[in-house]
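Below: one structure, written as structure tokens.
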Amino acid sequence: MIVEPKIRGFICTTAHPDGCARHVADQIAVVRSRGPIENGPKRVLVVGSSTGYGLSSRIAAAFGCGASTIGVFFEKPGSERRPGTAGWYNSAAFEKEAADAGLYARSFNGDAFSDEMKATVIEAIKEDLGQIDCVVYSLASPRRIDPKTGETYKSVLKPIGETYTNKNLNTATKVVDEVTIEPAEGDDIEQTVAVMGGEDWEMWIDAMLEAGVLAPGATTVAYSYIGPEVTWPIYKNGTIGRAKEDLEKSQRALDGKLAPLDGKAWVSVNKALVTQASSAIPVVPLYISLLYKVMKARGSHEDCIEQMDRLFRERLCSGTPQPDEAGRIRIDDWEMDPAVQAEVDELWTRVDSDNLLELADVEGYESSFLRLFGFGLEGVDYSADTDPATGVPSIS
Ligand code: NAD
């Protein structure tokens, strides 16, 4: 089958198996080029391992630290007639590369929020690895089914208290227009916290502690974002920000629970990057396009893999995590550099549809977005037939 990109709003509904494989191989090459990561975990569970930060975490752990990895994700396999999702092909490629490198890798496709998935993964850990040294929690989801009550929670991206209006990039038409978002109402905040807060992260760690599958000294890390003031009404001070506050509350609780093992829980604040999750947030694509322009010009731009390599190499495994005053790891430090933010601020006030292509890295945004789905990668013959039914080896 010839697979082409089909863009609908902020999502691409097709994915290219060979392109995704190339994307994974490129990320592995970045980690390898930096050499082995010393003192890294050797058995790693990544919840949300198929795309974005979770995929790059799995790659950094495996190809940097030499870790055996178990990955959990929610993706659609392809069939003879229809391509699957990018995360499916990424995971297929990851496992093949891991096998070639002699690294254990096993994957589970299904709902990470469910009790069943937790039990299945814990069984696999017991069978194959005994215990886990590091749990990366990197889920981004619009909904969650409560495993105890069966209730479905829905997360929303809304400001709190007042209507928010700001510039916005329409990525399809390349027009800078304005977006107005009405404030959260009813139980929007509680619902968003229930999906993107820390409850499920705690459930994973609780279940693993109870089953005795966390090794002495085990660490766990979940990801957050803070960003600049221009995005605060929709992010840090919005419904998603409340969920991230809850995540930090869980981090403190988990820190206590892991103490008897001499373990540690972290929240890592990461850089704003193009991922399937971030492209759905209003205002953020314009901010990212301006940020990429500034950081690329300064030579400080990083993508998910450079971020995750730096997280493992320089913070989690180095003995120098450099927490901020709230105890969070900050690998958004280069993004939040005051000089970078001053430049982005200045561009933000000036940017409009006429000067967009000059002031913002729209091309970089678009190519990053397409790469998420395996399109536009060098060395891939997009005119050749590809097999959409490519499988993930450990999932029969
Ligand atoms: P992403 O959309 O690329 O990845 C989400 C992952 O979660 C995928 O592997 C997906 O399969 C998995 N997933 C979703 N629902 C699931 C379910 N029910 N069961 C199992 N797996 C499921 O997202 P991302 O941008 O990499 O976000 C990961 C984390 O990083 C989030 O907490 C996000 O807030 C945080 N973060 C993102 C950014 C950014 O700019 N993208 C910046 C800082 C922090």
Side-chain angles (χ1 to χ4, degrees), residues 10-12 15 23 45-59 70-77 84-91 94 107-118 120-121 136-147 152-153 155 157 192 195-198 200-201 203-204 221-227 231 235-236 238-241 243-244 246-248 250-251 267-281 283-285 287-288 291-292 302-305 307-308 311 328-332 335-336 365 368-369 371-373 392:
F10 49 75
I11 189 87
C12 178
H23 194 205
L45 167 64
V46 183
V47 184
S49 65
S50 54
T51 56
Y53 275 119
L55 171 66
S56 298
S57 306
R58 192 176 191 187
I59 291 172
I70 293 181
V72 182
F73 45 79
F74 210 171
E75 302 292 347
K76 271 207 195 87
T85 53
W88 178 261
Y89 297 133
N90 290 339
S91 304
F94 174 88
S107 306
F108 294 89
N109 190 28
D111 184 9
F113 296 127
S114 69
D115 287 345
E116 292 75 24
M117 180 57 86
K118 293 177 178 76
T120 305
V121 169
V136 176
Y137 187 83
S138 186
L139 291 185
S141 174
R143 66 188 68 81
R144 168 177 170 229
I145 300 174
D146 189 306
T152 301
Y153 306 117
S155 76
L157 294 157
T192 307
V195 180
M196 289 298 289
D200 182 63
W201 183 25
M203 284 179 167
W204 270 98
V221 60
Y223 300 139
S224 186
Y225 183 65
I226 295 177
T231 63
Y235 203 98
K236 179 175 166 289
T239 49
I240 182 73
K244 293 301 185 187
D246 186 71
L247 194 74
E248 289 187 30
S250 294
Q251 176 267 324
V267 163
S268 172
V269 183
N270 301 346
K271 178 189 178 191
L273 281 174
V274 184
T275 66
Q276 294 188 35
S278 71
S279 51
I281 309 177
V283 180
V284 166
Y287 168 70
I288 289 182
L291 180 73
Y292 277 23
E302 294 174 296
D303 219 322
C304 282
I305 194 59
Q307 279 267 295
M308 292 300 96
L311 174 65
R328 301 169 295 215
I329 291 178
R330 300 298 297 265
I331 51 166
D332 65 340
E335 170 184 358
M336 299 314 291
Y365 184 94
S368 293
F369 179 77
R371 271 205 310 277
L372 298 178
F373 303 93
V392 177

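In this chain, residues are counted from 1 in sequence order. Values in this document were obtained by computation on a predicted structure and should not be read as measured data. Counting starts at 1 for both ligands and their atoms, following the listed order.
Each of the atoms 18 (N) of ligand 1 lies under 4.0 Å from some heavy atom of Phe113. Atoms of ligand 1 lying under 4.0 Å from at least one heavy atom of Ser141, given by number and element, are 15 (N). Here is the list of ligand 1 atoms found below 4.0 Å of a heavy atom in Gly52: 3 (O), 26 (O). In the vicinity of Ala272, heavy-atom distances shorter than 4.0 Å reach the ligand 1 atoms 40 (O). Against a heavy-atom cut-off of under 4.0 Å, Ser50 is close to the following atoms of ligand 1: 8 (C), 9 (O), 10 (C), 11 (O). In the vicinity of Tyr235, heavy-atom distances shorter than 4.0 Å reach the ligand 1 atoms 34 (O). Interface of Ser49 with ligand 1, defined as ligand atoms under 4.0 Å from a residue heavy atom, comprises 9 (O). Taking every heavy atom of Lys244 and a limit of under 4.0 angstrom, the matching atoms of ligand 1 come to 31 (C), 32 (O), 33 (C), 34 (O).
The distance criterion of under 3.5 Å between nitrogen or oxygen atoms is met by Ala112 with respect to ligand 1. Looking at Phe74 next to ligand 1, an N or O pair under 3.5 Å apart turns up. In terms of polar-atom proximity, defined here as any N/O pair under 3.5 Å, Phe73 makes no such contact with ligand 1. Between Asn270 and ligand 1, a contact under 3.5 Å exists for no N or O pair. An N or O contact shorter than 3.5 Å is missing between Tyr225 and ligand 1 by distance.
The protein non-hydrogen atom at the shortest distance from atom 42 (C) of ligand 1 is Lys271 O, 3.2 Å. The closest protein non-hydrogen atom to atom 22 (C) of ligand 1 is Leu139 CD2, 3.4 Å. Among all protein heavy atoms, the one lying closest to atom 11 (O) of ligand 1 is Glu75 OE2, 2.8 Å. For atom 40 (O) of ligand 1, the nearest protein heavy atom (residue, atom name, distance) is Leu273 N, 2.8 Å. The protein non-hydrogen atom at the shortest distance from atom 4 (O) of ligand 1 is Thr51 OG1, 3.0 Å. Distance from atom 28 (C) of ligand 1 to its nearest protein heavy atom, with residue and atom name: Ser138 OG, 3.2 Å. At the shortest separation from atom 38 (C) of ligand 1 among protein heavy atoms lies Tyr53 CE1, 3.5 Å. The closest protein non-hydrogen atom to atom 25 (O) of ligand 1 is Thr275 OG1, 2.6 Å.
Side-chain contact between Tyr223 and Met308 is present, with heavy atoms from C-beta onward closer than 4.5 Å. Looking at Phe73 and Asn90, their side chains never come closer than 4.5 Å, going by heavy atoms from C-beta outward. A 4.5 Å side-chain heavy-atom check between Trp88 and Lys76 finds every atom pair outside the cut-off. The shortest side-chain heavy-atom distance between Glu302 and Leu273 does not fall under the 4.5 Å cut-off. Counting only heavy atoms from C-beta outward, the side chains of Leu372 and Val274 approach each other to under 4.5 Å.
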Chi angles and distances behind the side chain to side chain contact (heavy atoms under 4.5 Å, CB included) call for Leu291, Lys271 | CA-CA 10 Å; Leu291 180 73; Lys271 178 189 178 191; 4.1 Å; yes
Apply side chain to side chain donor-acceptor pair (under 3.5 Å) to Ser50 and Glu75, showing your working.
-> CA-CA 8 Å; Ser50 54; Glu75 302 292 347; 2.6 Å; yes
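Put simply, OH on Tyr53 and CD1 on Ile331 are 6.0 Å apart, with the number rounded to the nearest 0.5 Å. Once rounded to the nearest 0.5 Å, the distance linking CD1 of Ile226 with CD of Glu335 reads 10.0 Å. Of the inter-residue distances, the one linking Asp115 atom CG with Met203 atom CE reads 7.0 Å to the nearest 0.5 angstrom. In this structure, OG on Ser368 lies 5.5 Å from CG on Asp303, to the nearest 0.5 angstrom. Put simply, CG on Asp146 and OG on Ser114 are 11.5 Å apart, with the number rounded to the nearest 0.5 Å. One finds the CZ atom of Phe113 at 4.5 Å from the OG atom of Ser141 (value rounded to the nearest 0.5 Å).
Between the choices Ser278, Gly110, Ser224, the shortest heavy-atom distance to atom 43 (C) of ligand 1 belongs to Ser224. Counting heavy atoms only, Ala140 comes closest to atom 14 (C) of ligand 1 of the residues Ala222, Ala140, Gly48.
A donor-acceptor pair shorter than 3.5 Å cannot be found between the side chains of Asp332 and Tyr225.
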